[in-house]
*Asks:* 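What follows is a structure written as C-alpha coordinates; I'll ask about it next.
In what follows, every chain begins at residue 1, and chains take the letters A, B, ... in the order their sequences are listed. Excluded from the calculations below are hydrogen atoms, water molecules and symmetry mates; all remaining heavy atoms, backbone and side chain alike, are included.
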Amino acid sequence: MPELPEVETIRRDLKSLILNLKVLDISTDSPKQVQPSLKEVKKALLGRKIKDIKRRSKVLQIFFSNGVIILIHLKLNGRLLVRDKSDGKDKWQHITLSLSNDKELRFSDSRKFGWWKLIKNKEELEKVLSDFGPEFLDDLDFEKFKEILSSTRRNIKVILMDQKVMSGVGNIYANDALFLAGIDPRRTADKISSDEIKKLFNALEKVLKAGLKYRGASDQYYLDARGQKGSYQNHFLVYGKTGQKCLNCQDKIKRIVVGGRGTFYCPSCQK
DNA sequence: AGTCGCCTGGTA
DNA sequence: TACCAGGCGACT
(Lines give C-alpha, C1' and ligand atoms only; values in the text may rest on other atoms or scores of the structure.)
Protein backbone atom coordinates (compact mmCIF):
# COMPACT_ATOMS: atom_id res chain seq x y z
CA MET A 1 0.00 0.00 0.00
CA PRO A 2 2.77 2.16 0.90
CA GLU A 3 3.95 5.04 -1.19
CA LEU A 4 6.26 7.82 -0.12
CA PRO A 5 4.05 9.27 2.67
CA GLU A 6 3.31 5.87 4.20
CA VAL A 7 6.88 4.56 4.08
CA GLU A 8 8.26 7.85 5.37
CA THR A 9 5.76 7.85 8.25
CA ILE A 10 6.90 4.36 9.20
CA ARG A 11 10.55 5.39 8.93
CA ARG A 12 10.04 8.28 11.34
CA ASP A 13 8.13 6.05 13.76
CA LEU A 14 10.82 3.39 13.68
CA LYS A 15 13.51 5.95 14.31
CA SER A 16 11.85 7.02 17.50
CA LEU A 17 10.97 3.47 18.58
CA ILE A 18 13.85 1.10 17.91
CA LEU A 19 17.07 3.08 17.46
CA ASN A 20 20.00 1.60 19.42
CA LEU A 21 18.10 -1.57 20.32
CA LYS A 22 20.03 -4.82 19.93
CA VAL A 23 18.95 -7.79 17.81
CA LEU A 24 18.38 -10.91 19.91
CA ASP A 25 16.77 -13.17 17.33
CA ILE A 26 14.99 -13.31 13.99
CA SER A 27 12.39 -15.82 12.86
CA THR A 28 10.01 -16.31 9.95
CA ASP A 29 7.28 -18.64 8.76
CA SER A 30 7.71 -17.35 5.20
CA PRO A 31 11.37 -17.92 4.29
CA LYS A 32 10.95 -16.85 0.66
CA GLN A 33 10.53 -13.28 1.85
CA VAL A 34 13.95 -13.20 3.54
CA GLN A 35 16.94 -12.83 1.20
CA PRO A 36 19.37 -14.41 0.72
CA SER A 37 18.22 -16.67 3.57
CA LEU A 38 17.10 -16.55 7.18
CA LYS A 39 20.37 -18.21 8.18
CA GLU A 40 22.54 -15.55 6.50
CA VAL A 41 20.47 -12.73 7.90
CA LYS A 42 20.57 -14.17 11.38
CA LYS A 43 24.34 -14.55 11.22
CA ALA A 44 24.73 -10.92 10.16
CA LEU A 45 22.32 -9.37 12.66
CA LEU A 46 22.55 -11.24 15.93
CA GLY A 47 23.96 -9.05 18.68
CA ARG A 48 24.05 -5.95 16.43
CA LYS A 49 22.45 -2.63 17.25
CA ILE A 50 20.12 -0.62 15.03
CA LYS A 51 21.99 2.58 14.22
CA ASP A 52 19.91 4.37 11.60
CA ILE A 53 16.81 4.06 9.44
CA LYS A 54 16.55 5.65 6.02
CA ARG A 55 14.22 5.55 3.05
CA ARG A 56 14.83 5.61 -0.68
CA SER A 57 11.80 5.44 -2.97
CA LYS A 58 9.47 3.01 -1.19
CA VAL A 59 12.31 1.00 0.31
CA LEU A 60 13.34 1.24 3.97
CA GLN A 61 16.96 0.72 4.97
CA ILE A 62 17.88 -0.36 8.48
CA PHE A 63 21.57 0.22 9.29
CA PHE A 64 23.26 -1.99 11.88
CA SER A 65 26.31 -1.43 14.07
CA ASN A 66 28.45 -3.85 12.03
CA GLY A 67 27.83 -1.99 8.76
CA VAL A 68 25.26 -4.35 7.24
CA ILE A 69 21.94 -3.04 6.04
CA ILE A 70 18.51 -4.63 5.77
CA LEU A 71 16.34 -3.35 2.93
CA ILE A 72 12.60 -3.77 3.40
CA HIS A 73 9.93 -3.42 0.73
CA LEU A 74 6.32 -3.48 1.91
CA LYS A 75 4.85 -3.88 -1.59
CA LEU A 76 1.04 -3.74 -1.37
CA ASN A 77 0.16 -5.02 2.07
CA GLY A 78 3.26 -4.99 4.24
CA ARG A 79 3.27 -3.55 7.76
CA LEU A 80 6.16 -2.93 10.12
CA LEU A 81 4.96 -2.98 13.69
CA VAL A 82 6.89 -2.35 16.88
CA ARG A 83 5.33 -4.39 19.67
CA ASP A 84 6.16 -5.61 23.14
CA LYS A 85 7.33 -9.20 23.26
CA SER A 86 4.31 -10.05 25.39
CA ASP A 87 1.79 -8.62 22.89
CA GLY A 88 -0.39 -11.17 21.07
CA LYS A 89 0.60 -12.15 17.52
CA ASP A 90 -0.31 -9.74 14.76
CA LYS A 91 -2.46 -10.77 11.84
CA TRP A 92 -0.33 -12.04 8.91
CA GLN A 93 2.85 -11.76 10.99
CA HIS A 94 5.59 -13.44 8.94
CA ILE A 95 8.94 -12.07 10.14
CA THR A 96 9.83 -11.27 13.74
CA LEU A 97 12.95 -9.40 14.83
CA SER A 98 13.36 -9.80 18.59
CA LEU A 99 15.03 -6.78 20.15
CA SER A 100 16.36 -5.68 23.51
CA ASN A 101 14.00 -3.91 25.95
CA ASP A 102 11.49 -6.72 25.29
CA LYS A 103 10.55 -5.16 21.94
CA GLU A 104 9.83 -6.82 18.62
CA LEU A 105 9.85 -5.47 15.08
CA ARG A 106 7.18 -7.47 13.28
CA PHE A 107 6.65 -7.70 9.54
CA SER A 108 3.06 -8.47 8.68
CA ASP A 109 2.10 -9.04 5.04
CA SER A 110 -1.15 -10.68 3.97
CA ARG A 111 -0.18 -11.25 0.35
CA LYS A 112 3.48 -12.09 1.00
CA PHE A 113 4.70 -9.83 -1.79
CA GLY A 114 7.06 -7.84 0.44
CA TRP A 115 10.67 -8.76 1.22
CA TRP A 116 13.65 -8.24 3.53
CA LYS A 117 17.04 -8.22 1.87
CA LEU A 118 20.47 -8.34 3.46
CA ILE A 119 23.00 -5.89 2.05
CA LYS A 120 26.62 -6.40 3.11
CA ASN A 121 28.03 -2.88 2.85
CA LYS A 122 27.60 0.64 1.52
CA GLU A 123 29.02 -0.16 -1.91
CA GLU A 124 26.44 -2.86 -2.44
CA LEU A 125 23.76 -0.49 -1.15
CA GLU A 126 24.78 2.25 -3.58
CA LYS A 127 24.50 -0.23 -6.41
CA VAL A 128 20.99 -1.30 -5.46
CA LEU A 129 19.76 2.24 -4.83
CA SER A 130 21.25 3.66 -8.02
CA ASP A 131 18.33 2.16 -9.93
CA PHE A 132 15.94 4.70 -8.43
CA GLY A 133 15.12 8.07 -9.97
CA PRO A 134 15.22 11.32 -7.95
CA GLU A 135 13.23 11.54 -4.72
CA PHE A 136 10.16 13.62 -5.39
CA LEU A 137 10.23 15.84 -2.31
CA ASP A 138 14.00 16.03 -1.92
CA ASP A 139 15.87 16.17 -5.18
CA LEU A 140 13.44 16.77 -7.99
CA ASP A 141 12.99 20.41 -8.93
CA PHE A 142 10.58 21.76 -11.51
CA GLU A 143 13.16 22.10 -14.28
CA LYS A 144 14.26 18.51 -13.89
CA PHE A 145 10.64 17.32 -13.72
CA LYS A 146 9.81 19.21 -16.89
CA GLU A 147 12.83 17.79 -18.66
CA ILE A 148 11.82 14.23 -17.73
CA LEU A 149 8.24 14.65 -18.93
CA SER A 150 9.05 16.40 -22.18
CA SER A 151 11.55 13.76 -23.22
CA THR A 152 9.27 10.73 -23.14
CA ARG A 153 6.24 9.62 -25.10
CA ARG A 154 5.11 7.29 -22.37
CA ASN A 155 1.82 7.73 -20.55
CA ILE A 156 1.88 10.44 -17.88
CA LYS A 157 0.44 8.34 -15.07
CA VAL A 158 2.77 5.44 -15.80
CA ILE A 159 5.76 7.83 -15.76
CA LEU A 160 4.80 9.32 -12.40
CA MET A 161 4.66 5.82 -10.92
CA ASP A 162 7.89 4.54 -12.47
CA GLN A 163 10.39 4.47 -9.59
CA LYS A 164 13.32 4.44 -12.01
CA VAL A 165 12.18 7.79 -13.41
CA MET A 166 11.18 9.46 -10.13
CA SER A 167 10.74 8.02 -6.67
CA GLY A 168 7.92 7.87 -4.20
CA VAL A 169 4.66 8.18 -6.13
CA GLY A 170 2.27 5.24 -6.43
CA ASN A 171 -1.28 4.84 -7.59
CA ILE A 172 -3.09 6.84 -4.91
CA TYR A 173 -1.03 10.00 -5.11
CA ALA A 174 -0.66 9.81 -8.91
CA ASN A 175 -4.45 9.72 -9.32
CA ASP A 176 -5.07 12.57 -6.90
CA ALA A 177 -2.29 14.76 -8.31
CA LEU A 178 -3.52 14.35 -11.89
CA PHE A 179 -6.98 15.39 -10.72
CA LEU A 180 -5.62 18.49 -8.98
CA ALA A 181 -3.68 19.41 -12.10
CA GLY A 182 -6.71 18.82 -14.36
CA ILE A 183 -4.82 16.35 -16.54
CA ASP A 184 -6.41 13.28 -18.13
CA PRO A 185 -4.41 10.26 -16.89
CA ARG A 186 -4.32 8.74 -20.40
CA ARG A 187 -2.26 11.55 -21.91
CA THR A 188 1.22 11.19 -23.31
CA ALA A 189 3.87 12.93 -21.21
CA ASP A 190 5.55 14.96 -23.97
CA LYS A 191 2.21 16.42 -25.09
CA ILE A 192 1.64 18.15 -21.77
CA SER A 193 2.11 21.91 -21.84
CA SER A 194 4.58 23.75 -19.66
CA ASP A 195 1.75 25.34 -17.68
CA GLU A 196 0.19 21.96 -17.04
CA ILE A 197 3.52 20.49 -15.99
CA LYS A 198 3.88 23.30 -13.48
CA LYS A 199 0.41 22.54 -12.14
CA LEU A 200 1.21 18.86 -11.93
CA PHE A 201 4.49 19.47 -10.14
CA ASN A 202 2.73 21.61 -7.53
CA ALA A 203 -0.13 19.10 -7.27
CA LEU A 204 2.26 16.23 -6.57
CA GLU A 205 4.01 18.21 -3.89
CA LYS A 206 0.65 19.09 -2.38
CA VAL A 207 -0.78 15.56 -2.26
CA LEU A 208 2.45 14.00 -1.00
CA LYS A 209 2.70 16.57 1.76
CA ALA A 210 -0.96 16.02 2.63
CA GLY A 211 -0.24 12.30 2.76
CA LEU A 212 2.60 12.94 5.19
CA LYS A 213 0.52 15.32 7.27
CA TYR A 214 -2.26 12.74 7.63
CA ARG A 215 0.27 9.96 8.27
CA GLY A 216 -0.63 8.02 5.14
CA ALA A 217 -3.72 6.46 3.62
CA SER A 218 -5.24 3.46 5.41
CA ASP A 219 -7.76 1.98 3.04
CA GLN A 220 -7.51 -1.62 4.21
CA TYR A 221 -4.06 -2.58 5.23
CA TYR A 222 -1.75 0.29 5.96
CA LEU A 223 -0.80 0.92 9.59
CA ASP A 224 2.10 2.93 11.01
CA ALA A 225 4.77 1.35 13.20
CA ARG A 226 2.59 1.81 16.30
CA GLY A 227 -0.30 0.01 14.58
CA GLN A 228 -2.32 3.20 14.07
CA LYS A 229 -4.19 4.06 10.89
CA GLY A 230 -3.39 7.10 8.81
CA SER A 231 -6.18 9.40 7.68
CA TYR A 232 -5.38 10.55 4.14
CA GLN A 233 -8.15 8.21 2.95
CA ASN A 234 -10.59 10.76 4.34
CA HIS A 235 -9.09 13.32 1.97
CA PHE A 236 -8.93 11.32 -1.28
CA LEU A 237 -9.78 13.54 -4.24
CA VAL A 238 -10.59 10.83 -6.78
CA TYR A 239 -8.76 7.69 -5.69
CA GLY A 240 -11.20 4.83 -5.07
CA LYS A 241 -14.20 7.15 -5.49
CA THR A 242 -15.84 5.55 -8.53
CA GLY A 243 -19.39 6.86 -9.01
CA GLN A 244 -19.05 9.58 -6.38
CA LYS A 245 -19.53 13.21 -7.27
CA CYS A 246 -16.44 15.16 -8.34
CA LEU A 247 -15.29 17.74 -5.80
CA ASN A 248 -15.33 20.49 -8.45
CA CYS A 249 -18.34 19.76 -10.65
CA GLN A 250 -21.52 17.71 -10.99
CA ASP A 251 -19.88 14.90 -12.93
CA LYS A 252 -19.11 11.51 -11.40
CA ILE A 253 -15.68 9.96 -10.86
CA LYS A 254 -14.92 7.25 -13.39
CA ARG A 255 -12.70 4.21 -13.10
CA ILE A 256 -10.63 3.08 -16.08
CA VAL A 257 -7.46 1.03 -16.47
CA VAL A 258 -4.22 2.80 -17.44
CA GLY A 259 -0.95 0.91 -17.59
CA GLY A 260 -2.74 -2.06 -16.08
CA ARG A 261 -3.69 -0.16 -12.94
CA GLY A 262 -7.02 1.06 -11.64
CA THR A 263 -7.26 4.75 -12.49
CA PHE A 264 -9.77 7.26 -11.17
CA TYR A 265 -10.56 10.61 -12.74
CA CYS A 266 -13.22 13.20 -13.44
CA PRO A 267 -14.08 13.19 -17.15
CA SER A 268 -15.18 16.84 -16.98
CA CYS A 269 -12.32 18.34 -15.00
CA GLN A 270 -9.42 16.36 -16.44
CA LYS A 271 -8.59 17.04 -20.07
C1' DA B 1 3.22 -0.99 -24.30
C1' DG B 2 0.67 -4.58 -22.55
C1' DT B 3 0.12 -8.79 -19.87
C1' DC B 4 1.34 -12.12 -16.27
C1' DG B 5 3.22 -13.79 -11.94
C1' DC B 6 3.83 -13.40 -7.18
C1' DC B 7 0.02 -14.57 -3.00
C1' DT B 8 -4.03 -13.77 -0.13
C1' DG B 9 -8.09 -11.39 1.50
C1' DG B 10 -12.16 -8.41 1.06
C1' DT B 11 -16.22 -7.26 -1.18
C1' DA B 12 -20.02 -6.92 -4.88
C1' DT C 1 -18.17 -16.85 -7.81
C1' DA C 2 -15.83 -13.22 -9.83
C1' DC C 3 -13.31 -9.34 -9.45
C1' DC C 4 -10.57 -6.12 -7.17
C1' DA C 5 -6.20 -4.68 -4.62
C1' DG C 6 -1.63 1.04 -2.90
C1' DG C 7 4.13 -2.81 -6.40
C1' DC C 8 7.12 -4.38 -9.44
C1' DG C 9 9.92 -7.50 -12.33
C1' DA C 10 9.83 -10.64 -16.26
C1' DC C 11 8.06 -11.69 -20.30
C1' DT C 12 6.21 -10.89 -25.10
*Asks:* Between C/dG6, B/dG10, B/dC7, which nucleotide has the shortest distance from any of its atoms to the side chain of A/Trp92?
*Replies:* B/dG10

*Asks:* Choosing from B/dG9, C/dG9, C/dG6, which nucleotide comes nearest the side chain of A/Lys164?
*Replies:* C/dG9

*Asks:* Anything under 3.5 Å between a protein N or O and an N or O of nucleotides 2-4 of chain C, put it in a table, one pair a line.
*Replies:*
from  : atom 1 : to       : atom 2 : distance (Å)
C/dC4 : O3'    : A/Arg255 : NH2    : 3.2

*Asks:* Classify the nucleic acid contact of A/Gly170 as base, sugar-phosphate or nothing, counting any heavy atom under 4.0 Å across all strands shown.
*Replies:* sugar-phosphate

*Asks:* Sort by first number and list every stem of DNA chain B: at least 3 consecutive Watson-Crick or G-U wobble pairs, both distances under 3.5 Å.
*Replies:* B:1-6 with C:7-12, B:8-12 with C:1-5

*Asks:* Is it the case that the side chain of A/Asn66 and the backbone of A/Arg48 share a donor-acceptor pair, with hydrogens and angles ignored and the cut-off at 3.5 Å?
*Replies:* no

*Asks:* For A/Asp219, which contact category applies under a 4.0 Å heavy-atom criterion: base, sugar-phosphate, or nothing?
*Replies:* base

*Asks:* Which of the following nucleotides, C/dG7, B/dG10, B/dC6, is nearest to the side chain of A/Met161?
*Replies:* C/dG7

*Asks:* For A/Tyr232, which residues count as a ring pair (Phe, Tyr, Trp, His ring centres under 6.0 Å) partner, sequence neighbours excluded?
*Replies:* A/Tyr173, A/Phe236

*Asks:* Is there a side-chain contact between A/Lys91 and the phosphate of B/dG10, meaning an N or O under 4.0 Å from OP1 or OP2?
*Replies:* yes

*Asks:* How many Å lie between CG on A/Leu160 and P on C/dG7, as a whole number?
*Replies:* 12 Å

*Asks:* Check whether any side-chain N or O of A/Lys112 sits under 4.0 Å from OP1 or OP2 of B/dT8, and answer yes or no.
*Replies:* yes

*Asks:* Using heavy atoms to find the nearest nucleotide of DNA chain C for A/Thr263 and A/Phe132 separately, return the residue whose nucleotide is more 5′.
*Replies:* A/Thr263

*Asks:* What salt bridge (Lys or Arg N to Asp or Glu O under 4.0 Å) pairs are there with at least one residue in residues 10-19 of chain A, not counting sequence neighbours?
*Replies:* A/Glu8-A/Arg11, A/Glu8-A/Arg12, A/Asp13-A/Arg215, A/Asp13-A/Arg226, A/Lys15-A/Asp52

*Asks:* Mind checking what makes ring pair (Phe, Tyr, Trp, His ring centres under 6.0 Å) contact with A/Phe201, not counting sequence neighbours?
*Replies:* A/Phe136, A/Phe142, A/Phe145

*Asks:* Are A/Arg79 and A/Asp90 close enough for a salt bridge, meaning some N to O gap below 4.0 Å?
*Replies:* no

*Asks:* If you only use heavy atoms from C-beta on, which nucleotide in C/dG9, B/dA1, C/dG6 is closest to the side chain of A/Tyr222?
*Replies:* C/dG6

*Asks:* Is a side-chain donor or acceptor of A/Thr28 paired with a backbone partner of A/Ser30 at a separation under 3.5 angstrom?
*Replies:* yes

*Asks:* Testing the 3.5 Å rule here: is there a donor-acceptor pair between the side chains of A/Asn77 and A/Lys112?
*Replies:* no

*Asks:* Apart from A/Leu129 itself, what residues make up its hydrophobic cluster when side-chain heavy atoms of I, L, V, M, F, W and Y under 4.5 Å apart count as a link, directly or indirectly?
*Replies:* A/Val59, A/Phe63, A/Ile69, A/Leu71, A/Trp115, A/Ile119, A/Leu125, A/Val128, A/Phe132

*Asks:* Rounding to an integer number of Å, can you tell me how far A/Arg111 CZ sits from B/dT8 C1'?
*Replies:* 7 Å

*Asks:* Rounded to the nearest Å, what distance is computed from the CD1 atom of residue A/Ile159 to the P atom of nucleotide B/dA1?
*Replies:* 8 Å

*Asks:* Where the side chain of A/Phe113 is concerned, which of B/dG10, B/dC7, C/dC8 is the nearest nucleotide?
*Replies:* B/dC7

*Asks:* If we take the C1' atom in both C/dT1 and B/dC6, what is their distance in whole Å?
*Replies:* 22 Å

*Asks:* A/Val165 and side-chain contact (heavy atoms from CB on, under 4.5 Å): which single residue from A/Leu140, A/Val158, A/Ile159 fits?
*Replies:* A/Ile159

*Asks:* Measure from the side-chain heavy atoms of A/Gln163 and tell me the nearest of C/dG9, C/dC8, B/dC6.
*Replies:* C/dC8

*Asks:* Between A/Glu196 and A/Ser193, does any side-chain donor sit less than 3.5 Å from a side-chain acceptor?
*Replies:* yes

*Asks:* Please give, in whole Å, the distance from C/dC8 P to A/Lys58 NZ?
*Replies:* 4 Å

